[in-house]
Amino acid sequence: MLRVKLESGFSYVAEPVAPYSFGLTVRKPAGWALFTPFEEFGGETVWTALHVADVLAGVRLRSLGSIEHPKIEVGIFTRRPLVGARRQRVVDTLHNRLGFGSDLKPFYDFARKDAILKHTVDDLYGMRDTSPASIFPDATLAILLQMTTLKRSNQMMDSVIRRYGRVAEFNGWRVRVWPTPERIAKLTQSQLARECNLGYRARSLVGLARKLVEDGGPTMEELDAAGPEEAKRRLMELPGLGDYSSDIVSPHGGFPIDVWSAQVFGKLFYGRDYACGRETVESVKREGLRRWGRWSWLSFFYVVQDLESLARKMGMQLRLE
DNA sequence: GCGTCCAGGTCTACC
DNA sequence: GGTAGACCTGGACGC
């Protein structure tokens, strides 16, 4: 375990575009982490940490406003003082990944006319999609979700972060951070497989890390600029990332249907008695893309965060553990 | 206890 | 271009 003391810090108050639900965004109902599964919460404050390019940043976020008048105090902690362009890059990246500048209203206008989505946007009003500053954390997550149970996926993720991620110490807290591709690229497949019980996924993970280090990308900024189709094409060129994983990683979002989510969305689209297996994943995905088009990712995101309430309102069982 | 099956995909060889 | 089969591991299940 490598601890890094982040003793240089600054803070300011940001005003995201409303509506912005701080609580639903930093602690999502389905348990999805903001930047790392090891972040800490206390009242209206979260302590988290992430890598922004070569900077390890500890981040404290504190809500000072409301959903309609959001104000968030942002504290950023680093090992050395951040100045000039480096400081601006960290701030801009953080704001971008927290969705401070995005406007939910066009999606809400669309969703309120949809028989399924109208419930979710009422339940989760102001919740933002968030993403890491680089593709490696989500790509690792996607690879570790492949062909196993959720329980084992979580065990593998926990093991990889504990063994190879650094610990950011700042503001009185310790937060474990996702490992960098540089760290994983130095390992052998057999070493990673043995130490973290990854099985065949170790090959994908080491291959991905080495490719990202050798090529220096693609970065989130490059994929943002590339557009949805080009971003997905570039992601699918990377080891271990296929159609499903690329939809998870892309900053444009996709409609990442796997066997589990095909059961959920199949019931929502076709009725409570819909039964599906691996062979129906493609047809459920096509139907979702047909219904929701450019809003497919946000639709997917809102539905999976709202399963309990949605199941009640739609009169069906949606939690399929 | 022990053997078998299969799970929140991807890749490759083969046709 | 499409498709069957292999792939780590561990928990569930039947016997």
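Quick caveat: nothing in here was measured; it's all calculated off a predicted structure. In the text below, chain A, chain B and the rest are named by the order of the sequence lines, each starting its count at 1. Only heavy atoms go into these numbers, but all of them, side chains included; no hydrogens, no water, no symmetry mates.
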For Tyr200(A) and dT9(C), give me the distance from atom OH to atom P, rounded to whole Å. 11 Å
Quick one: label Ser153(A) by what it contacts on the DNA or RNA (base, sugar-phosphate, nothing), any heavy atom closer than 4.0 Å. nothing
Can you tell me if Glu39(A) uses its side chain to pair, donor with acceptor, with the backbone of Phe35(A) under 3.5 Å? yes
Atom-to-atom span, CG of Leu192(A) to P of dT9(C) - whole angstrom: 12 Å
For Phe300(A) and dG8(B), what is the distance between atoms CZ and P respectively, to the nearest whole Å? 14 Å
Just checking Leu238(A): base, sugar-phosphate only, or nothing, at a heavy-atom cut-off of under 4.0 Å? sugar-phosphate
Taking only the P atom of each, what is the distance from dC8(C) to dC2(B) in whole angstrom? 25 Å
Classify Leu241(A) by what it touches in the nucleic acid, base, sugar-phosphate, or nothing, heavy-atom distance under 4.0 Å. sugar-phosphate
What is the distance, to the nearest angstrom, from the CG atom on Leu205(A) to the P atom on dC8(C)? 14 Å
Could you tell me the separation between the CD atom of Gln146(A) and the C1' atom of dA6(C), rounded to a whole number of Å? 14 Å
Can you give me every donor-acceptor pair (side chain of residues 5-20 of chain A, partner residue at least two apart or in another chain, under 3.5 Å) with its distance?
{"residue": "Lys5(A)", "atom": "NZ", "partner": "Glu169(A)", "partner atom": "OE1", "Å": "3.2"}
{"residue": "Tyr12(A)", "atom": "OH", "partner": "His95(A)", "partner atom": "NE2", "Å": "2.8"}
{"residue": "Tyr20(A)", "atom": "OH", "partner": "Leu98(A)", "partner atom": "O", "Å": "2.7"}

Donor-acceptor pair under 3.5 Å: do we get one between Arg152(A)'s side chain and the base of dC8(C)? yes
Under a 3.5 Å limit on both distances, the Watson-Crick or wobble mate of dG8(B) is none
Distance only, no hydrogens: is a donor on one side chain within 3.5 Å (strictly under) of an acceptor on the other, for Thr130(A) and Lys28(A)? yes
Between dG8(B) and dT3(C), how many Å separate the two P atoms, rounded to a whole number? 24 Å
For the pair made of CZ in Arg203(A) and P in dC11(B), what is the distance, rounded to whole Å? 9 Å
Mind calculating the distance between CH2 (Trp260(A)) and P (dG8(B)) to the nearest angstrom? 10 Å
Closest nucleotide of DNA chain B for Met236(A) versus for Arg201(A): which of these residues is on the 5' side? Arg201(A)
Applying the side-chain contact (heavy atoms from CB on, under 4.5 Å) test to Ile143(A), which of Val249(A), Leu238(A), Ile248(A), Leu208(A) qualifies? Leu208(A)
Roughly, in whole Å, what's the span from CD in Glu282(A) to P in dT10(B)? 11 Å
Residue-phosphate contact under 4.0 Å: Asn197(A) side-chain N/O, dC8(C) OP1/OP2: no
Over all strands shown, is Pro239(A) touching base, sugar-phosphate only, or nothing at heavy-atom distances under 4.0 angstrom? sugar-phosphate
Let me spell it out: for each of Met147(A) and Gln155(A), pick the nucleotide of DNA chain C with the closest heavy atom. Which residue's pick is nearer the 5' end? Met147(A)
Could you check which nucleotide pairs with dT3(C) in any of the strands shown, counting Watson-Crick or G-U wobble with both distances under 3.5 Å? dA13(B)
Below 30° counts as parallel, above 60° as perpendicular, anything between as tilted: where do the rings of Trp32(A) and Phe300(A) land? tilted
Whether Glu182(A) and Lys186(A) form a salt bridge (side-chain N of Lys/Arg under 4.0 Å from carboxylate O of Asp/Glu) is what I want to check. no
N or O in side chain of Ser245(A) less than 4.0 angstrom from dT10(B) OP1/OP2: yes
